[in-house]
Amino acid sequence: MKKIIASNFKTNHTRKSTREFIEDINQYLSEKNIDNDVYIFPTATSLDSFETASNLTIGVQNAYYTKSGSFTGEIGTIHLDEFGIKTILIGHSERRHILGETQKEVALKYNYFKALGYKIIYCFGEPLEVKQAGLTETLGYIWEQFDGIDLNYENLILAYEPVWAIGTGISATTEDIGTIHRKIKKKIDKPLLYGGSVKVCGLQDILEVPNVDGVLVGTASWVAEDFKKMIYIANKMDQNSKKIICSTEE
Ligand code: PGA
């Protein structure tokens, strides 16, 4: 399977810079004939109709489990339908831990968008104190984040994102990633991404870990040149390049 590369803009980029970014990436994919699946998750205010290659998907970082209604500050599926958006991130740690989404709410959202056939990138991962408590505790914590989640859903991509590695500049080690991904893949046969301080240099090492099908990147993906380098690296690796690369110049 070709490696998946996804960019989560979080609360970054304006409407104008989002359009420029997407057009830039789209052009890069066609110029270089790259057919890896690439995802970009802009802010809700920057959603629009974009002309994109079939392997470039624009998704939404969040939406409420409704078509429309009275949910101040939220958007519903009519706002996604307007732009043909059919891909959503669910369970991201910032929504769980900063915005207080409970597992019950995450599952409600999951089931709502599953019933509508959305592609779901479902995020999960443990906080530092759980990691420090050991592997059994970490796995126990992760399995609880699958409560109410249909793991057989055909349009599901999983993303393991340890909370302590997100936005901290400290990625999990390839050993840690390997251990968790192996345990998850044993039980769930779905594409499994890693996320948490992934950077251009270091990406190849992570993509080489068995059971890593791609990455979900925040901070290091917000500059289009860097995101292109990541796409380039993923593409090279699919061609079995063994050379360590962290730039587009070989
Ligand atoms: P980060 O974010 O790359 O900035 O750590 C990853 C994510 O939250 O998806």
Side-chain angles (χ1 to χ4, degrees), residues 3-13 17-18 21-22 25 36-44 46 56-63 85 87-101 103 106 109-110 113 118-128 130-131 138 141-142 145 149 156-174 176-177 180-181 184 190-207 209 212-234 246:
K3 303 291 185 194
I4 298 165
I5 303 290
S7 169
N8 175 6
F9 276 16
K10 307 192 180 187
T11 319
N12 298 282
H13 276 297
S17 68
T18 297
F21 186 103
I22 291 171
I25 299 305
N36 297 65
D37 283 335
V38 175
Y39 293 85
I40 299 172
F41 295 89
T43 64
S46 302
L56 174 57
T57 303
I58 309 304
V60 68
Q61 295 173 25
N62 178 51
I85 307 271
T87 303
I88 185 166
L89 284 182
I90 295 181
H92 191 278
S93 91
E94 285 151 13
R95 294 213 58 85
R96 292 179 191 266
H97 297 283
I98 301 176
L99 296 151
E101 259 180 41
Q103 184 58 29
V106 168
K109 193 174 286 189
Y110 184 94
F113 285 96
Y118 274 68
K119 174 156 282 180
I120 298 174
I121 300 197
Y122 186 73
C123 308
F124 59 92
E126 81 288 358
L128 187 60
V130 175
K131 178 191 164 46
T138 299
Y141 187 94
I142 288 173
Q145 291 185 321
I149 304 299
L156 170 62
I157 296 177
L158 295 170
Y160 170 55
E161 298 207 308
V163 180
W164 48 271
I166 295 180
T168 58
I170 305 160
S171 170
T173 62
T174 49
D176 280 341
I177 299 169
I180 302 291
H181 277 233
I184 289 164
K190 292 291 167 189
L192 177 54
L193 315 181
Y194 167 77
S197 296
V198 173
K199 300 186 194 73
V200 175
C201 291
L203 173 63
Q204 183 167 357
D205 285 342
I206 291 174
L207 291 179
V209 174
V212 172
D213 299 308
V215 284
L216 175 55
V217 194
T219 318
S221 70
W222 299 335
V223 173
E225 287 313 307
D226 292 335
F227 193 50
K228 283 192 264 185
K229 285 178 191 166
M230 294 186 171
I231 295 168
Y232 177 86
I233 291 166
C246 52

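Both counts, for ligands and for their atoms, begin at 1 and track the order of listing.
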Which protein residues have a heavy atom closer than 4.0 Å to any atom of ligand 1, listed by chain and number? N8, K10, H92, E161, A165, I166, G167, G196, S197, L216, V217, G218, T219
Kindly indicate, with the supporting measurements, whether the criterion side chain to side chain contact (heavy atoms under 4.5 Å, CB included) is fulfilled by I142 and Y160. CA-CA 9 Å; I142 288 173; Y160 170 55; 3.9 Å; yes
Evaluate the side-chain proximity of L193 to E161: yes if any heavy-atom separation is below 4.5 Å, no if none is. no
Compute whether any side-chain donor of one residue and acceptor of the other, for H13 and S17, lie under 3.5 angstrom apart. yes
The criterion is side chain to side chain donor-acceptor pair (under 3.5 Å); which residues satisfy it with H181, sequence neighbours excluded? none
Sole residue of I4, I231, I58 in side chain to side chain contact (heavy atoms under 4.5 Å, CB included) with V38: I231
Looking at I5, N8, I166, L158, which hits side chain to side chain contact (heavy atoms under 4.5 Å, CB included) with L216? N8
